[in-house]
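All remarks here apply to the structure that follows.
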There are 2 protein chains.
Amino acid sequence: MRGEGRGRVKAIKQAIQERIGGGTYRPGERLPSERQLCLEFETSRVTLHEILIQLEAEGLIYREERRGWFVSPARFVYNPQARGHFALSALQQGRLPSTRVIDRQLVRPPARVLDLLDIPASTKMACIRRVRSIDGRAVLYVEHYFQAEVFPGLFEHDLSVSLTELYRDIYGFDYGRMKYQITPTAVSGDAAAALHVAGGSPALLVTRVNHGLNNGIRDCDFEYWRHDAILIEVDVPDA
Amino acid sequence: MRGEGRGRVKAIKQAIQERIGGGTYRPGERLPSERQLCLEFETSRVTLHEILIQLEAEGLIYREERRGWFVSPARFVYNPQARGHFALSALQQGRLPSTRVIDRQLVRPPARVLDLLDIPASTKMACIRRVRSIDGRAVLYVEHYFQAEVFPGLFEHDLSVSLTELYRDIYGFDYGRMKYQITPTAVSGDAAAALHVAGGSPALLVTRVNHGLNNGIRDCDFEYWRHDAILIEVDVPDA
DNA sequence: TAGTGGTCTAGACCACGCT
DNA sequence: GCGTGGTCTAGACCACTAC
């Protein structure tokens, strides 16, 4: 259903794009219903649906499950090298951040954590799962993993704030080097649910491994970003 | 057509995933035709198509226009901070790189270049467009822009190699700081054609601004990566 | 030329949201 | 309870690929 398409797909898509660009449909607003757009553009629902999915892939629109299609707000600019500044950074961009803790558990490290951290499979790990929103819209689902004994009693604190600051302020812990990976994927399961997104929707996975200043590995996290909500920006100074 | 789906979508998707994971369909191999899969899984083409698009979004399969669906090979690991090492890096990963120059032109800077470079709109810019492949599969479409007068006669050289090395070896030019942005988008037009991908397919756009060592801005480029072919990995040393 | 993917139609039923 | 999105069917024609 893709393609530069001889058919009407291209024309309809462009018409909708122009309405978004021209302000007929404004950021955050709902589009008319699928059936309505079908009537207007004289096409079938399957075809229209395909067009909406393409616009979703471009990051122009997004959907909330069973509620409809919405025009995407401006992207959140994110620097993965600046640790723990989600809230601050959002405020600086004139956006309203919020964080919800889904749960906290003690777990055996799952396979993908073992791949990253080079620790014994028997290590007791703490796992904190959170959802972060911008202007009321969930944009990020994160799972943090760290060795439970390193930050004893952390679960007693308010975990909706910057974990980096908690580590530093309460445990006097500072970070050293880090490694991050960025992979385009699709979300499913808990991540999809937390982001109010249909399973199979495109997303950006940012995986991070943090080392303590003494070079011991301390933690890692898995960040699933709504693909239309993020723009990664990194400044690299002179070598 | 998405969703955690009560229906058969989820089951069929999982069955195909298992065939890929289990080696029934191997990396680089073509899947059976859509009609064939429809028969086997007793579903319609629209439905099956939707499933294939989801698997494409996950990066498990990709398509070549009008030729069919193929199992995605392993991702190419790319460090955007290491300039000009595409070929070397590919070889180190045991992959076979190649580069094709699409064209070279003198142009007025387009809007998005002006946004990045803070130069007068009348500046004469050189634009080089290239496609880079891994193991014979086009994975990257790049447009390089730089001020024409800085590297006079560059067009006479072989442009299928590392431009960074050309700058250094022939003009004694070395880079200083840089800035890069990463945006999930969709490709269309020339980029889609160069990647042999249908317009509207998801892709990762890496935008880079390079400064010379004397801090003068020198060039920028726009890299469109096939979304299933890339894994960005960056190491950040101690501060 | 046969078979493929690409596009499109005109229906249908279900589960959920909203009011 | 109505309207919505989510899912699904069973066809169709076209353009291109591979042979």
Side-chain angles (χ1 to χ4, degrees), chain A residues 1-16 25 29-57 61-71 137 186-188 192-193 195-202, chain B residues 1-16 25 29-57 61-71 186-188 192-193 195-201:
Chain A
M1 307 294 173
R2 296 271 172 72
E4 225 54 65
R6 309 282 159 275
R8 290 211 288 296
V9 166
K10 202 180 169 183
I12 298 175
K13 198 171 139 187
Q14 199 172 329
I16 298 179
Y25 306 148
E29 256 181 39
R30 231 195 88 197
L31 297 187
S33 80
E34 292 187 7
R35 278 169 247 253
Q36 182 123 8
L37 289 170
C38 285
L39 281 176
E40 192 181 341
F41 291 111
E42 293 181 305
T43 187
S44 70
R45 275 194 65 204
V46 174
T47 303
L48 187 87
H49 208 266
E50 203 52 41
I51 292 167
L52 294 174
I53 286 179
Q54 284 191 33
L55 293 171
E56 184 194 37
I61 62 177
Y62 68 98
R63 44 178 155 171
E64 293 182 14
E65 280 250 55
R66 300 207 113 86
R67 294 202 344 106
W69 296 86
F70 297 76
V71 179
R137 175 183 171 221
V187 277
S188 61
L195 294 175
H196 305 298
V197 145
S201 300
Chain B
M1 307 289 178
R2 297 269 171 74
E4 225 56 62
R6 309 282 159 274
R8 288 210 290 295
V9 166
K10 201 179 170 185
I12 298 174
K13 198 172 141 188
Q14 199 172 329
I16 298 179
Y25 306 148
E29 255 182 41
R30 233 196 87 196
L31 297 187
S33 79
E34 291 187 8
R35 277 169 247 252
Q36 182 124 8
L37 289 169
C38 284
L39 279 177
E40 192 181 341
F41 291 111
E42 293 181 305
T43 187
S44 70
R45 276 195 64 204
V46 175
T47 302
L48 186 87
H49 207 267
E50 202 52 42
I51 292 168
L52 294 174
I53 286 179
Q54 285 191 35
L55 293 171
E56 183 193 38
I61 61 177
Y62 69 98
R63 45 179 155 171
E64 293 182 14
E65 279 250 54
R66 294 194 174 278
R67 293 202 343 107
W69 297 86
F70 297 76
V71 179
V187 279
S188 61
L195 295 175
H196 305 298
V197 144
S201 301

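Just so we're on the same page: letters track the sequence lines, and every chain starts at 1.
Between A:I53 and B:E50, the closest heavy-atom pair is CD1-OE2, 3.6 Å. Taking all atoms of both residues into account, the shortest heavy-atom contact from A:V197 to A:E65 is O-OE2, 4.0 Å. Across every non-hydrogen atom of B:S201 and B:E56, the tightest pair is OG-OE2, 4.3 Å. Closest of all the heavy-atom pairs between B:L52 and B:I61 is O-CD1, 3.5 Å.
Spacing between atom CG of A:L52 and atom P of C:dC8 amounts to 14 Å, rounded to whole angstrom units. For the pair A:I51 CD1 and C:dG6 P, the computed distance is 16 Å after rounding to whole Å. Across the protein-nucleic acid pair, B:H196 atom NE2 and D:dC16 atom P stand 16 Å apart, rounded to whole Å. Atom P of nucleotide D:dG11 and atom CG of B:L48 are separated by 17 Å, given to the nearest angstrom. Rounding to whole angstrom units, CD of residue B:Q36 and P of C:dG3 are separated by 12 Å. Between the CD atom of A:E50 and the P atom of C:dG5 there is a distance of 16 Å, rounded to whole Å. A:Q54 has its CD atom 10 Å from the P atom of C:dC8, to the nearest Å. The separation between B:H49 atom NE2 and D:dT9 atom C1' is 16 Å, rounded to whole Å.
Seen from the ring of A:Y62, A:R137 counts as a face-on cation partner, given the 6.0 Å and 45° thresholds.
Summarising the geometry, atom CD1 belonging to A:I12 is positioned 10.0 Å from atom CD belonging to A:E40; distances are rounded to the nearest 0.5 Å.
Among the nucleotides D:dT4, D:dG6, C:dC8, the one closest to the side chain of A:R30 is D:dT4. For A:S33, whose side chain is taken as the heavy atoms from C-beta onward, the closest listed nucleotide among C:dG5, D:dT4, D:dT9 is D:dT4.
Judged by atom type and distance alone, A:R35 reaches the base of D:dG5 through a side-chain donor-acceptor pair under 3.5 Å. Side-chain N/O atoms of B:R45 and base N/O atoms of C:dG6 include a donor-acceptor pair closer than 3.5 Å.
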Close N or O pairs between protein and nucleotides 17-19 of chain D (under 3.5 Å):
unit_1, atom_1, unit_2, atom_2, d
D:dA18, OP1, B:R67, NH1, 2.5

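Among the protein residues, A:S44 comes within range of the nucleic acid bases, having at least one heavy atom under 4.0 Å from a base atom. Among the protein residues, B:T47 comes within range of the nucleic acid bases, having at least one heavy atom under 4.0 Å from a base atom. Using a 4.0 Å heavy-atom cutoff across all strands shown, B:E64 reaches no nucleic acid atom at all. Residue contacts for A:E42: at a heavy-atom cut-off of 4.0 Å it reaches the sugar-phosphate backbone alone, with no base atom in range.
With a 4.5 Å cut-off on side-chain heavy atoms, A:F41 and A:I16 count as touching.
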